[in-house]
Amino acid sequence: MKTTYLISSLLALLTLGSCIAPQDEEIDCQDCREQQIAIRLASDNATTRAGRPLYSNQPRQDVDRVMLIFCNTDRQVVCTKQVKNWMSDEVSETYGTNGSHGRQAVVKLEGEERLNENTTYTVYAIAYTYDEDNENHRTAYTVDEQNLNDYLEDLTESPENLVLTLSGAPGEEIFAGSAEFTTTDSGGFYQPLVLNRQVAGVYMYVSAIPNIDQAEELRLTAAADNDGLVLGQFDNENYEQDKEEGNKVVNGTTPNTTADANGRYTLCSIDFSQWKEDGSWKNPYEGKAAFEKDSYFSGSFVIPFAARTGVQSLQMELIDNAGTTKTWDVNLPKEDISTGIYTWSDNGFTINSSINESISSYCLLRNHLYCIGSKKTDGSTDEPQPLDTGQDIQLKVIAEWDYVYDIMLEPTPGGSK
């Protein structure tokens, strides 16, 4: 197995040949002289621990590394290629109007990296956080107690259905996908590859807090929580945001066993003291995100979990110095109730016929965002959800919460590995 690192001369898009097509254009490029992987990534510039914070619906991403893993039909790794320092201009460049869509680069398979002609392979891609220069900005996912990055660098077998562990740490974005292809008699191939987000997201954007002067904290709690995330049952499609076209997948496993006294798990919380200064409201995220005056926000990425029959999936709890003073049930709109949900069991994904979602008992699905209130972008103020109505809260669900990028594998005649 060989692991190689990209150098900037291989990634300058301005020098690409005619083999590289626009993102969604299908091409026939069997006579090209180069074998390339064109990567597009919607990005942002957050520098917090383990990737970006979640401030809105905005489908951004922030990863430092992309690992490409090529496997033969025996599931053995024959070649790996790693993109480092993804956000730097020396590695990738922006694309779209004024760079609005993200960053892109091109990867080439050359020399000893070339794959055998007339052979079937599967390529996997995993994108994650690993800042070379900042130990506080590296993935917290582990595999068998080894950091994910270190594990992938030593990988010898297919990573499909790889179980990651994320315990004792906040939720964290990660992206993955796969594609199977066969090289031609001359060694060429063309194969697009789409990576999708492997986690869910939640946020609460609220205002009009009852008894705000006595309130200390607002928690969003869940009926379940998982410490394990499975990379598998990939969509490998470029779906439009909020179209509900992708697989509905709960890829969480290994239930968390540290529930609170009420048997619930806190997904995110608002500490009201952080939103006050000299008795007045303040935005603790000034310069990073905008909020309506006298509103409050908290969000997080979440490992997906399955519904528990008869148990309210999400609740908000208002805490003061005497404990929980008020709760709100957070319900799913009827039109978002899902069927045909894949779950992980016995080392495989299958449609779980025992899951019957309701407006109160529902799954948190991969690549779906569950919103209380409405905040379309980090810089917008939009509409916080008032909590003084005395009514239950209804979620807004954003499905297919944006793919990350396409990878297009281009042919190189001849040159077996």
Distance alone, cut at 3.5 Å: any donor-acceptor contact between the side chains of [X] and [Y]?
| X | Y | result |
| --- | --- | --- |
| Thr377 | Ser380 | yes |
| Asn149 | Arg65 | yes |
| Asp235 | Asn247 | yes |
| Ser158 | Tyr124 | yes |
| Tyr362 | Asn331 | no |

| task | Quick one: list whatever passes side-chain hydrogen bond (donor to acceptor under 3.5 Å, both in side chains) with Asn283, sequence neighbours left out. | result | none

| query | Hey, does the Lys NZ or Arg CZ of Arg197 hover above the aromatic six-ring of Phe175, less than 6.0 Å from the centre and inside 45° of the axis? | reply | no

Solution key, residues 290-297 side-chain donor-acceptor pairs under 3.5 Å, sequence neighbours excluded:
from: Ser295; atom 1: OG; to: Glu292; atom 2: N; distance (Å): 3.3
from: Ser295; atom 1: OG; to: Glu292; atom 2: O; distance (Å): 2.4

| task | Looking only at non-hydrogen atoms, find the nearest pair between Ala176 and Phe234 and report the distance. | result | CB-CE2, 3.6 Å

| said: Test of understanding: with side chain to side chain contact (heavy atoms under 4.5 Å, CB included), list the residues that count as partners of Gln76, not counting sequence neighbours. | reply: Asn72, Asp74, Glu157

| note | Applying side chain to side chain contact (heavy atoms under 4.5 Å, CB included) to Glu180 and not counting sequence neighbours gives Thr120, Thr122

| said: For Phe349, give me all partners under ring-ring contact (aromatic ring centres under 6.0 Å, His included), at least two apart in sequence or on another chain. | reply: Trp344

| query | Tell me the salt bridge (charged side-chain N to carboxylate O under 4.0 Å, His left out) pairs involving residues 159-169, sequence neighbours left out? | reply | Arg75-Glu160

| task | Please work out which of the three classes, parallel, tilted or perpendicular, describes the rings of Trp275 and Tyr285, given edges at 30° and 60°. | result | perpendicular

| query | Yes or no on ring-ring contact (aromatic ring centres under 6.0 Å, His included) for Tyr141 and Tyr128, after CA distance, side-chain angles and deciding distance? | reply | CA-CA 9 Å; Tyr141 286 110; Tyr128 54 95; 9.3 Å; no

